[in-house]
Amino acid sequence: MELSSRYDPKEHEAGVYQRWLDSGAFTPAPEPPPGAEPFVIMIPPPNVTGVLHMGHALNGTIQDIVIRFRRMQGYDALWLPGTDHAGIATQAVVEKKLFAEEKKTRQDLGREAFLEKVWEWKEHHGNAILEQYRRLGASCDWTRTRFTMDADLSRAVRESFLRLWEKGLVYRGARLVNWDCVLQTAISDDEIENVERKGKLWYLRYPIEGEWGETITVATTRPETMLGDTGVAVHPDDERYKKWIGKRAILPFLDRPIPIVADESVDPSYGTGAVKVTPGHDPADYERGMRHGLPIVNVLNKDGTINAEGGHHFEGLSREKAREEVVQGLLDLDLLEKIEDIKHTVPLSDRSKSVVEPLVSEQWFVKMKELAEPAIRAANDGSLVFRPERWKKVYLDWLENVQDWCISRQLWWGHQIPIWYDEDGVPAGSREDLEIGSKHPSTGKPIVRQDADVLDTWASSWLWPFATLGWPDATKDLARFYPTHFLSTAREIIYLWVARMIMAGYEFMDELPTSERCAFSVCNVHATVLDAKGKRMSKSAGNGIDPIDVIEQYGADAMRYSLMMLTREGQDVRLAENRFEEGRRFTNKIWNAARFVMMKMGGERDEVTSATATAIEDRWILSRLADTIEGVTRELDGYHFNDAATRLYRFVWNDFCDWYLELVKSRLEGDDASARAARGTLARVLRDTLALLHPFTPFQTEVLWDAMHETLGQQKEAMLVRSAWPDGAGLAVDADAEREIGVLQGVVRAVRNVRAMTTIGDRKPLAAVVAAPRADELAVIEAAKERIAALAVLSSLEAGADLPRPSGSAAAVAGTIQVFVPLGEDVDTAALRDTLERRAQKLRGAIGGLEKKLENEGYLANAAPEVVEEDRAKLVEQREELALLESNVAGL
RNA sequence: GGGCCAUUAGCUCAGUUGGUUAGAGCGCCACGUUGACAUCGUGGAGGUCAGUGGUUCGAGUCCACUAUGGCCCCCCA
């Protein structure tokens, strides 16, 4: 195979991905291989309306690395993909489209026809984001792709709802909920964003009944809600108002007498110390109203306009208009005491960005307290581990204070609540659809309607880990792949999704032993991707980087590698587009190193192991490889992606390319034993390196894997995606080799150092003299003479224990070794002296510090003996080095 | 009000249980390269580790407080 000198991802990515698909590499074998443990990841299902953003790219890369690593390790690995129907978001998209194209609303079409439109949209556009995951290289089992509105998942949703209903954990009640007036649905607390805004505090005067001219002043940020007031509350100990407790105020405009009650919850120091009580439109007032038996008056229509309860003056006005009118009206009646400018937080709906109105309405709720208990236990007993660990606290705080979950939504797109009513409104839950007119199962009266609401989207996604495997049926997949092992997600949905999945696992997988019901055992909370200025990337801010653009420009592998180099353990990352250069440079480096190895494979080669290798550089690189395999495996086992990526980077670039390839080049020409061993070593290192890199850069390594087998004339046992993770067989860490190459590197660097400090230049061959007083080091240098000469560009190398410095030479120091290099006529010795003197000065500082430390009795008494020993040895070395440096300066 | 995270080289970030002359990549400077790679090689300059105080023989690392930036929860009618 001819490989171009640059790696061009576009040339390969699509083809490689297709070959993976064709080979079924991502799909677990029908029967698990003997002894293979399952390893399962469930993708956080993106919204069907979604477009891949950097967060997806990051999280997709993390999951793909884990699943590819486990697959190569021999696990029965499954990464199950899918999408979420995303009730509000999807309905909004289709409604918008419908209006833009046909000027129709969903009501114009009616429920059934509208839902057809949504399905139509889903069939056309619903797979876009999954296609984008493929571009990333995601090794999902696409044959198991699920959608939360699929028939089987819908059945699971219905089953779970009815089980909770039958257990009494689902109830219907009139409750204060957060109402989105634009989308006209209830939304949960978790879908609200509180935003600080400038606002006003209006002081309203309410006349006291039967006390001519007396008023009580209340302060409010929402004057229009006074139309729904059913009381005024003051603190029981507030001297100013004690006299009014038990009396009634008269609500302006409506002339409704409302009681003045005493309530501990009122803060006498805020506002006037008197609070209007609007149980229909304020959560705190709702509580107060309940305590004092105050009636609930709802003055808002579902679209946020004032209803008949608000009186004929205001009926039909929008919230904003009503506010103006109320204020003006009070002004006219001289009942507006004053207006203050304040800052306060306003609840906005995540979806519509409109101000959320608390209002009382009939909704379905799930009792959460009981469900939360096992989920709390799971985190405490280690069944569920968070990475980073600190998210455990966030998770527990929420669960320990969890509120009942408002699970109904007034939408059309979603799982309709499986409750039917007879003519008296008696509900019946049913797993099968009940026909209108059929008999109610308990009352026997005709069924007249199904509950019109649908369930919150999370009511399906909390079942994701097992509903996707066939639950409630006892399928083979469910038995084989549940519980799952690794979940990676964004921090925003720890409450919304993560906690609920854990709860659902314990609640619905009750046939399993408790210890196996935790839906997943590791929850990885990945980094948030910020832009170069440290702002969150978001569509609305327009500061996002499109991963597909990055893939087009840099390649998927480069993007993946860059992301792994940049993000560490969930620490937020600032990302500018040029950050992807790093990954591109690295993938190109790998490409060219592999290309070089293959070019040199033109002759015989021998199998080489740490035990059979003789050449020092072969022993060394095999030692480095052994260490790298061990390290990368350990880091990936611990989900330390950044550390694993960094180790690979160092190994490939520094050890292999910068040193090993340079050292081995000259041996590759002939066909002698040395050349055969060199080729064997290269082949071994390349094979294992490609395998280690594969989870990070899957496309490129697969291409090179192919090319390598072709070049080596080997029968390929499998595509890389299905090949075994390197086990280090025949490799061992070789401390002697590492030390010896260290000596060699020191001498080479010393020569390069002199060249760089002078104007000698890198190409002029030099006759170097090396003084190495230590016998072991001298032996290494003698043995590696030719290699050192090649790397340092030397015409000759004379080495001895105590060689004198040739006149007219400069010296560089590597530990106790001195390297003398002849200086040309034109070398500026003064500048050289300055540089050396600066180094000597730095070293003197270090030595001074060490000396002081070693004279310190406290240190000697308290520090670990080996630490002290190390410092002593270091001091000796540094003194020697300094002495050498000083003599060099003097000898210039 | 409560909590979490960050602050280390011009930029983006490492620095594992307290003990190296505090590191990497980019950028910068110098030198080099028609045989794997200019998406390259070699070397160099550049940091009072946000501040103050404490614990300790010893603090980038542990504790307290402060400052700046960011995030989350609960609240004020």
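All figures in this text were calculated on a predicted structure; none of them were measured in a lab. Convention: sequence-line order gives letters A, B, ...; per-chain numbering from 1.
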message = Under 4.0 Å, counting only non-hydrogen atoms across every strand here, what does K393(A) touch: a base, just sugar-phosphate, or nothing?
response = sugar-phosphate
| Strictly by modelled atom types, are Y206(A) and D229(A) linked by a side-chain donor-acceptor pair under 3.5 Å? | yes
Which of rA14(B), rU39(B), rG19(B) is nearest the side chain of R584(A)? It is rU39(B)
Out of rA6(B), rC57(B), rU12(B), minimum distance to the side chain of Y859(A) belongs to rC57(B)
Nearest-nucleotide check on RNA chain B, D282(A) vs M757(A); residue mapping nearer the 5' end is M757(A)
P spacing across the pair rA67(B) / rC29(B), given as an integer number of angstrom | 41 Å
Between K589(A) and T587(A), do the side chains contain an N or O donor and an N or O acceptor separated by less than 3.5 Å? no
- Within the structure shown, what part of the strands sits under 4.0 Å from E662(A) by heavy-atom distance: base, sugar-phosphate, or nothing? base
Out of rA77(B), rU42(B), rC57(B), minimum distance to the side chain of R288(A) belongs to rA77(B)
(message) What I want to check is whether an N or O donor and acceptor connect the side chain of D871(A) with the base of rG19(B) at under 3.5 Å.
(response) no
(request) Could you tell me whether V266(A) contacts a base, only the sugar-phosphate backbone, or nothing, with contacts defined as non-hydrogen atoms closer than 4.0 Å? (result) base
* **Heavy-atom side-chain contact between I760(A) and L766(A) under 4.5 Å** => yes
> When all nucleic acid strands are considered with a 4.0 Å heavy-atom cut-off, which category describes W202(A): base, sugar-phosphate, or nothing?
Replying inline: nothing
Of the candidates rA77(B), rC37(B), rU21(B), the side chain of A846(A) sits closest to rU21(B)
Looking only at rA77(B), rU42(B), rU12(B), the nucleotide nearest the L566(A) side chain is rU12(B)
Quick note, R579(A) side chain, CB onward, closest among rU21(B), rC40(B), rC11(B) is rC11(B)
Regarding the side chain of Y495(A), the nearest nucleotide among rG19(B), rC72(B), rA36(B) is rC72(B)
| query | Within the structure shown, what part of the strands sits under 4.0 Å from D658(A) by heavy-atom distance: base, sugar-phosphate, or nothing? | reply | sugar-phosphate
From CE of M598(A) across to C1' of rG35(B) the rounded distance in Å is 17 Å
Paired to rG19(B) by Watson-Crick or G-U wobble criteria (both distances under 3.5 Å) is rC57(B)
Report which part of the nucleic acid A284(A) touches: base, sugar-phosphate, or nothing (heavy-atom distance under 4.0 Å, all strands). sugar-phosphate
With a 4.0 Å cut-off on heavy atoms, is Q878(A) in touch with a base, just the backbone sugar-phosphate, or nothing at all? base
What distance, rounded to whole Å, do you find between the two P atoms, one in rG44(B) and one in rA22(B)? 15 Å
From CZ of R568(A) across to P of rG23(B) the rounded distance in Å is 18 Å
Heavy-atom neighbours of Q403(A) CD exceed 12 at 6.0 Å: no
Per atom distances to the R390(A) side chain, the nearest of rC37(B), rC76(B), rC4(B) is rC4(B)
In whole angstroms, the gap separating P of rU12(B) from CG of N642(A) amounts to 17 Å
Across the strands shown, which category fits K764(A) at heavy-atom distances under 4.0 angstrom: base, sugar-phosphate, nothing? nothing
Whole-Å distance, N401(A) CG to rC72(B) C1', equals 14 Å
How would you label the contact of L661(A) with the nucleic acid (heavy atoms, under 4.0 Å): base, sugar-phosphate, or nothing?
base
Decide whether S5(A) and R595(A) meet the rule of one side-chain donor and one side-chain acceptor closer than 3.5 Å. no
Exercise. Considering only atom C1', compute the distance from rC26(B) to rA45(B) and round it to an integer number of Å.
Key: 16 Å
rC11(B) and rG35(B), which share atom name C1', separated by this distance in whole Å:
36 Å
Considering only atom C1', compute the distance from rG70(B) to rG18(B) and round it to an integer number of Å.
-> 29 Å
The Watson-Crick or G-U wobble partner of rG46(B), with both key distances under 3.5 Å, is none
To the nearest angstrom, the CG-P distance between D572(A) and rC13(B) comes to 9 Å
Between D397(A) and M599(A), whichever has its closest RNA chain B nucleotide further toward 5' is D397(A)
Whole-Å distance, R650(A) CZ to rA14(B) P, equals 14 Å
The nucleotide from rG44(B), rG19(B), rC37(B) with an atom nearest the side chain of K853(A) is rG19(B)
Taking rC37(B), rG32(B), rA77(B) as options, the one with an atom nearest any side-chain atom of V275(A) is rA77(B)
D263(A)/R291(A) ion pair, N-O < 4.0 Å
yes
In whole angstroms, the gap separating P of rC57(B) from CG of N862(A) amounts to 6 Å
Taken in chain and number order and not counting sequence neighbours, the residues that satisfy side chain to side chain donor-acceptor pair (under 3.5 Å) with E224(A) are R323(A)
**Message:** Between R844(A) and E837(A) (salt bridge meaning N to carboxylate O under 4.0 Å), is one present in this structure?
**Reply:** yes
Quick one: label R839(A) by what it contacts on the DNA or RNA (base, sugar-phosphate, nothing), any heavy atom closer than 4.0 Å. sugar-phosphate
ask   = Does the ring center of W391(A) lie less than 6.0 Å from the ring center of F386(A)?
value = no
**OP:** Salt-bridge test for D627(A) and R647(A): reply yes if a basic N is under 4.0 Å from a carboxylate O, no otherwise.
**Re:** yes
### Query
At under 4.0 Å between heavy atoms, what does R749(A) touch on the DNA or RNA strands: base, sugar-phosphate, or nothing?
sugar-phosphate
Applying a 4.0 Å non-hydrogen cut-off, can you work out what L843(A) is touching in the nucleic acid: base, sugar-phosphate, or nothing? base
In numerical order, the residues of residues 215-230 of chain A whose heavy atoms come under 4.0 Å of RNA chain B are A219(A), T220(A), T221(A)
As its Watson-Crick or G-U partner within any shown strand, both distances under 3.5 Å, rA67(B) has rU7(B)
Atom CE of M565(A) and atom C1' of rG15(B) are separated, to the nearest Å, by 15 Å
Electrostatic pair R584(A)-D557(A), nearest N-O below 4.0 angstrom: no
